[in-house]
Amino acid sequence: MRILASDPIAEKGLNILREEGFIVDEKTKLSEEELIKIIPQYDALIVRSETKVTARIIEAAENLKIIGRAGVGVDNIDLAAASKKGIIVVNSPEGNTIAAAEHTFALMMALLRNIPQAHAALKEGKWMRKEFTGYELRGKTVGIIGLGRIGTAVAKRVKAFETRVIGYDPFISEERAQMLGITLMSLEELLQNSDIVTMHLPLNNETRNLINRERLKLMKKSAFIINCARGGIIDEEALYEALKAGEIAGAALDVFSKEPLTESPLFELPNVIVTPHLGASTKEAQINVAIDVAREIASVLKGGLAQNA
Ligand code: NAD
Ligand code: MLT
């Protein structure tokens, strides 16, 4: 059987599949039309977030049995089209949790201490100390939206910095929140009370533009917002307006509603720091997710079950 990896996937994972006797082709940066042309040859497809697995690609996939997402979010895969065709979709939900949590933490500290701006200024020959006076994390209230794997890992890390952690997640129990030492509240209360708000929930029809103009207005003028989950959860136009008007203090963004993105009005604001969807980009995480997804694909192609369908 033949497997296509259409985004860069760690060799350690792909080798598991080769050792199982599957033929694995690595062809990245394909257009939708190119994928439609070659997809009938394949029994399995492995992607990260770059490949958009559209209904047209799925319709053309005559032999496809499984799509494996080396990562968490499956918002780049047309799930309805896959399910209509009986194609299993699996993700690898655990392998990049720490990478994404640590990146969120790195963004948080960079935002509070103006590290990217100070770095850029100094490299341009400007020794600016007063302008880049920052804030401490200690004593701040951190609001976490989405208390799953990454949200929980972020909570543990920021607690070590003597913060108060509050959370919003309609799907977790009061007992679980208490166990984690997180005070649950409504989204509106969280936005009103947080010094730093960080997003850790999936993008879907319910969460698209969850943080809109009205909700941004609830935040403190001194508050920061971080999105290391998915572009589209925060309305980017509304965020730009809020930052420009001084309604919030700053933002750190790893993800965008359209990716790749190299130009945006947000990039022109001095209080916005950005990274190009690097949350899961550590050597460790990429090996973990590649191994997990390879095991799932091998199991399904050999007639077994998928754990993360
Ligand atoms: P998870 O499934 O463990 O947790 C998601 C949490 O969001 C769950 O607890 C769920 O109850 C909660 N949730 C769902 N809808 C919600 C809503 N409307 N409001 C508040 N909470 C809601 O997933 P995870 O591993 O923690 O990952 C979270 C998201 O982070 C993923 O969906 C993915 O899109 C994103 N992610 C990004 C990167 C990156 O590279 N930047 C890396 C990994 C994951
Ligand atoms: C994810 O959802 O796991 C992230 O987007 C990570 C990625 O694949 O880049």
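Atoms within a ligand are numbered from 1 in the order they appear, just like the ligands themselves.
- Near R230, the atoms of ligand 2 lying under 4.0 angstrom from a non-hydrogen atom of the residue are 1 (C), 2 (O), 4 (C), 5 (O).
- Considering only non-hydrogen protein atoms, atom 8 (O) of ligand 2 sits nearest to R69 NH1, 2.8 Å.
- The part of A70 lying near ligand 2 is the backbone, judged by heavy-atom distances below 4.0 Å.
- Taking CG of L137 as the start and CZ of R113 as the end, the distance is 10.5 Å to the nearest 0.5 Å.
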Review point. How far apart are the C-alpha atoms of E131 and K126, what are their side-chain angles, what is the distance that settles it, and do they pass the salt bridge (Lys or Arg N to Asp or Glu O under 4.0 Å) test?
Key: CA-CA 11 Å; E131 294 82 348; K126 295 178 202 149; over 6 Å; no
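- Between K221 and E247 no salt bridge is recorded (no basic side-chain N to carboxylate O distance below 4.0 Å).
- Using a 4.5 Å heavy-atom cutoff, the side chains of R164 and I166 are in contact.
- There is a side-chain donor-acceptor pair under 3.5 Å between Y42 and D25.
- Taking only non-hydrogen atoms, the option from S92, A280, S281 nearest to atom 6 (C) of ligand 2 is A280.
- Protein heavy atom nearest atom 5 (O) of ligand 2, with residue, atom name and distance: H277 NE2, 2.7 Å.
- Checked options I225, L107, I226, N227; the residue passing with L253 is N227 (criterion: side-chain contact (heavy atoms from CB on, under 4.5 Å)).
- Qualifying ring-ring contact (aromatic ring centres under 6.0 Å, His included) partners for F161, counting only residues two or more places apart in sequence or in other chains: F105.
- Interatomic distance, CE of M1 versus CG of D43, reported as 5.5 Å (0.5 Å rounding).
- Of all the atoms in ligand 2, the ones that sit under 4.0 Å from a non-hydrogen atom of G71 are 3 (O).
- For F267 and Y240, the ring centers are positioned 6.0 Å apart or more.
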Which N/O atoms of ligand 1 sit under 3.5 Å from a protein N/O, and at what distances?
| from | atom 1 | to | atom 2 | distance (Å) |
| --- | --- | --- | --- | --- |
| ligand 1 | 3 (O) | R149 | N | 2.9 |
| ligand 1 | 3 (O) | R149 | NH1 | 3.1 |
| ligand 1 | 9 (O) | G148 | N | 3.2 |
| ligand 1 | 9 (O) | D169 | OD2 | 2.6 |
| ligand 1 | 11 (O) | D169 | OD1 | 2.8 |
| ligand 1 | 11 (O) | D169 | OD2 | 3.1 |
| ligand 1 | 26 (O) | R149 | N | 3.3 |
| ligand 1 | 26 (O) | I150 | N | 2.8 |
| ligand 1 | 34 (O) | R230 | NH1 | 3.4 |
| ligand 1 | 40 (O) | H277 | NE2 | 3.4 |
| ligand 1 | 40 (O) | G279 | N | 3.4 |
| ligand 1 | 40 (O) | A280 | N | 3.1 |
| ligand 1 | 41 (N) | C228 | O | 2.9 |
| ligand 1 | 41 (N) | D254 | OD2 | 2.9 |

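- Across the listed options N76, V47, L278, V72, V72 owns the non-hydrogen atom lying nearest to atom 3 (O) of ligand 2.
- Residue contacts with ligand 2 for N96 involve side-chain atoms from C-beta outward but no N, CA, C or O (heavy atoms, distance under 4.0 Å).
- Scanning the protein for heavy atoms near atom 7 (C) of ligand 2, the closest one is R48 NH2, 3.5 Å.
- Between E20 and K302 there is a salt bridge, with a side-chain nitrogen of the basic residue lying less than 4.0 Å from a carboxylate oxygen of the acidic one.
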